[in-house]
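First comes the structure, then the notes that go with it.
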Number of protein chains: 2
Amino acid sequence: MTIKYDKKEPLYEQLMDTIKVKIKNDYKADDKLPSEREIMRKYSVSRNTVRQALNELEILGLIYRQHGKGTFVANATDNPATLGNEHSFTKQMIALGRKPETKIMEYSVRPANKYFANKLNINEGDRIIKLKRLRSADKVPVMIDRTYLPFSKFEGLSAVELEVKHRSLYAVFAEDFGEEFRIADEALSAGRISDKDADVLQVAQGSPGLMLKRTTFNQQNEIIEFTLSSTRSDQYVYNIRYKNTKI
Amino acid sequence: MTIKYDKKEPLYEQLMDTIKVKIKNDYKADDKLPSEREIMRKYSVSRNTVRQALNELEILGLIYRQHGKGTFVANATDNPATLGNEHSFTKQMIALGRKPETKIMEYSVRPANKYFANKLNINEGDRIIKLKRLRSADKVPVMIDRTYLPFSKFEGLSAVELEVKHRSLYAVFAEDFGEEFRIADEALSAGRISDKDADVLQVAQGSPGLMLKRTTFNQQNEIIEFTLSSTRSDQYVYNIRYKNTKI
DNA sequence: CAGTGGTCTAGACCACGCC
DNA sequence: GCGTGGTCTAGACCACTGC
C-alpha cells in the first residue's frame, strides 16, 4: 500500500484509507499506531499531511490520541463512527471499514390504510409506494427498512434505478424529484424484533433490536417519507453528536 | 481585539473566539467572512493557523465554506441540537404531562479501572466519581444513569447539592466548575436490561431496553463525563430532529 | 483572469509522559 | 533526556467560482 501523488485523491485521504485498512485487519483496540513522524517517513509525506489524516480518523472515532504518549486504535464497537446527521447507513459502515449492501426486498404501490395515510398526512386510499430494504455489512444482515412514500410526489420512482445506482434515497429525492428535505424527525426505542424479521436478520426470535421511526418533511413542510426501521442491536450503533454552539 | 502569542492560549483558539464574537455581534446568517488570506494579514498569523480556527468553527456548525467563493456564517438556528440532554428527560416528561423525578442511588469516589480510565482518557488508578441515578416519571421508574467523572476536574462535587438543587448536571459543571461542554457524543443501541436493573426498573428480566453511552468533551477537548444509561423501552422514546442546513 | 478555499511541504518550538 | 502529540510559520501549487 503506497501513497501516490497522482492527483486523483488527496494524499491525506489515501493515507486515511490505508490506515483504516490496517486498523481493520492488523490492529486491535488500544494498539499503538506508529508515531506521526514514523508515518511521515514511511509514506514520504509531510507531518501536516499525516496529522490531517489522523484528525479525520479521530473525528470518525477510529483512533484517539494522548499527548506525550501516542496515537491508539479506538474500540470500534464502543464509539464507532460518524455523526448521525446523514443518517446514512452506507457512510457509517464505510467509515468503519465494512462493506455495506442494500437489497430491495419489496417494491409496491398500494392504497394507504388509515395508519399510513395519517403518517403521510394524505387521504385514506391515496396511493403510496412501499419500499422494503435489507441492509447488510460484510454480508451480515443488519437492518430492515420499511419506507412509505406518497405516490403523488414520487411517481416514476423505479426499483431498478434504486437497485442499480449507488445513490442514497435522499439523493434520489433531491436529484430526480426536486424534493429536498428540511426536517427529519426520528424516534428511537428498543423492542423485540418480530419473528418474521428475526429470520431475515438471522437472530433468535425475541432478540432485542433498535427500532426507529422517521418522518421527513420537504421545504414546504409536506411529509415526503415515513420509515420504520428494525435493527440488530449487536451490529449497529446509532451515533449522534451534539455540539454546543453557544457563543 | 488582537491576537497575542502570550503562550496562554493557542493562537487559533484566540482567533476562534474573536471570530465567534464577530459572528454573534456583527454578522448575520450567510454573511461572507473575510478570506483566509485577509484574516491572516489582519491578525498576523499564518494561513494554517487561520484554517485551523476556521476548521473548528466549521465543525461547530458556525460557518460553512464554499470552494472558490468564500466562507460564510451558518444559520445558527438551523444547527443540529444544542442543549445538554440532561434536560431532555426532564423536559420531555414535562411536555408529556408527566412528573419527572431523579433520585441519587449511589455516590462514590474510587480508583479508575482500565475500562473507565480509557473512557475518561485518564490513567488507571486515578480517582473517579461514580454517580448512579434513577429517573422516574409519575413514580414509574424509567431510566438508570451511571455517570463517571474525573475526580481531578470535579473535586468538591457533592451529592447533597445535586439532590437538593434542581439543576442539571451540565448546569453544575458549567456554573460550579467552569466546565462547559463543547461536544457530546452519544451512542444508542438496544439490549437486554440487566437482571439487577430490571428489578429497579420493575420490568421482567430479559426485557429489551434502550442503552445509551455518552462521552462529553469540554472546550479544551478533554473528556469530562462518561455516562451509561439503561432505559425501559415502554416508557421512553428518544427523539431527534435533523435540520437540513442545505447550503 | 483574479480571488477563493483545498492540499502540501520542510522546517521549528512547545507541552506532556515516561524512564 | 527523549519521544510523543500540539501549535505555528512561510512559502507553494491546485481546483473551483465568477467575471
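Just so it is clear: chains get the letters A, B, ... in the order the sequence lines come, proteins before strands, and each one is counted from 1.
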Have a look at B:Ile128 and tell me which of B:Leu120, B:Val109, B:Asn113 forms a side chain to side chain contact (heavy atoms under 4.5 Å, CB included) with it.
B:Leu120
Tell me whether the side-chain N/O atoms of A:Thr49 come closer than 4.0 Å to OP1 or OP2 in C:dT7.
no
Have A:Gln66 and B:Asn121 got a donor and an acceptor in their side chains that come within less than 3.5 Å?
yes
Taking DNA chain D as the partner, which of residues 33-41 of chain A come within under 4.0 angstrom of it by heavy atom?
A:Ser35, A:Glu36, A:Arg37, A:Glu38
When the distance from CD of B:Glu56 to P of D:dG6 is rounded to whole Å, what number comes out?
12 Å
If I take atom CD in residue B:Glu13 and atom P in nucleotide D:dG6, what distance separates them, rounded to the nearest angstrom?
13 Å
B:Ser46 vs D:dG11: side-chain N/O to OP1/OP2 distance below 4.0 Å
no
Measure from CG on A:Leu54 to C1' on D:dG5 and round the result to the nearest Å.
10 Å
Verify whether the ring centers belonging to B:Phe181 and B:Phe173 lie closer than 6.0 Å.
no
For A:Lys32, does the NZ atom sit with more than 12 other heavy atoms under 6.0 Å from it, leaving out its own atoms?
yes
Picking from C:dC8, C:dA10, D:dT7, the nucleotide nearest the side-chain atoms of A:Asn48 would be C:dA10
Look at the side-chain N and O atoms of A:Tyr12 and state whether any lies under 4.0 Å from the OP1 or OP2 oxygen of C:dT7.
yes
For A:Arg65, the side chain to side chain donor-acceptor pair (under 3.5 Å) test, sequence neighbours excluded, returns A:Glu36, A:Asn55, A:Glu58
A:Val73 to A:Ile23 - nearest heavy-atom pair and separation
CG1-CG2, 3.8 Å
Heavy-atom nearest pair, B:Leu15 first then B:Val50, reads CD2-CA, 3.8 Å
More than 12 non-hydrogen atoms from neighbouring residues, nucleotides or ligands closer than 6.0 Å to NZ on B:Lys22, yes or no?
no
Whole Å only: how far is the CZ atom of A:Arg47 from the C1' atom of D:dT9?
14 Å
Between the protein and nucleotides 16-19 of chain D, list the N/O to N/O atom pairs that are separated by less than 3.5 angstrom.
{"unit_1": "D:dG18", "atom_1": "OP1", "unit_2": "B:Lys69", "atom_2": "NZ", "d": "3.3"}

Set of side chain to side chain donor-acceptor pair (under 3.5 Å) partners for A:Asp185, sequence neighbours left out:
B:Arg241
Counting only heavy atoms not in A:Lys213, do more than 12 sit closer than 6.0 Å to its NZ atom?
no
Distance in angstrom units between B:Gln52 CD and C:dC8 C1', rounded:
16 Å
Could you verify whether a donor N or O on one side chain and an acceptor N or O on the other, from B:Glu186 and B:Tyr238, lie under 3.5 Å apart?
yes
Axis-to-axis angle between the two ends of the helix from C:dC1-D:dG18 to C:dC18-D:dG1 (five base pairs per end, rounded to 10 degrees):
10°
Would one find a side-chain N or O of A:Thr71 under 4.0 angstrom from OP1 or OP2 of D:dG5?
yes
Of the nucleotides D:dC8, C:dC13, C:dT7, which has the atom closest to the A:Pro10 side chain?
C:dT7
When rounded to whole Å, the CG to P distance for the pair B:Asp126 and C:dG17 reads 10 Å
Just to verify, what does A:Phe177 make a ring pair (Phe, Tyr, Trp, His ring centres under 6.0 Å) with, not counting sequence neighbours?
A:Phe154
Given atom CG of B:Asn123 and atom P of C:dG17, what is their separation to the nearest angstrom?
8 Å
Taking only side-chain nitrogens and oxygens of A:Arg65, does any of them come within less than 4.0 Å of OP1 or OP2 of D:dT4?
no
Whole angstrom value for the distance that separates C1' of D:dT4 from CZ of A:Arg51:
11 Å
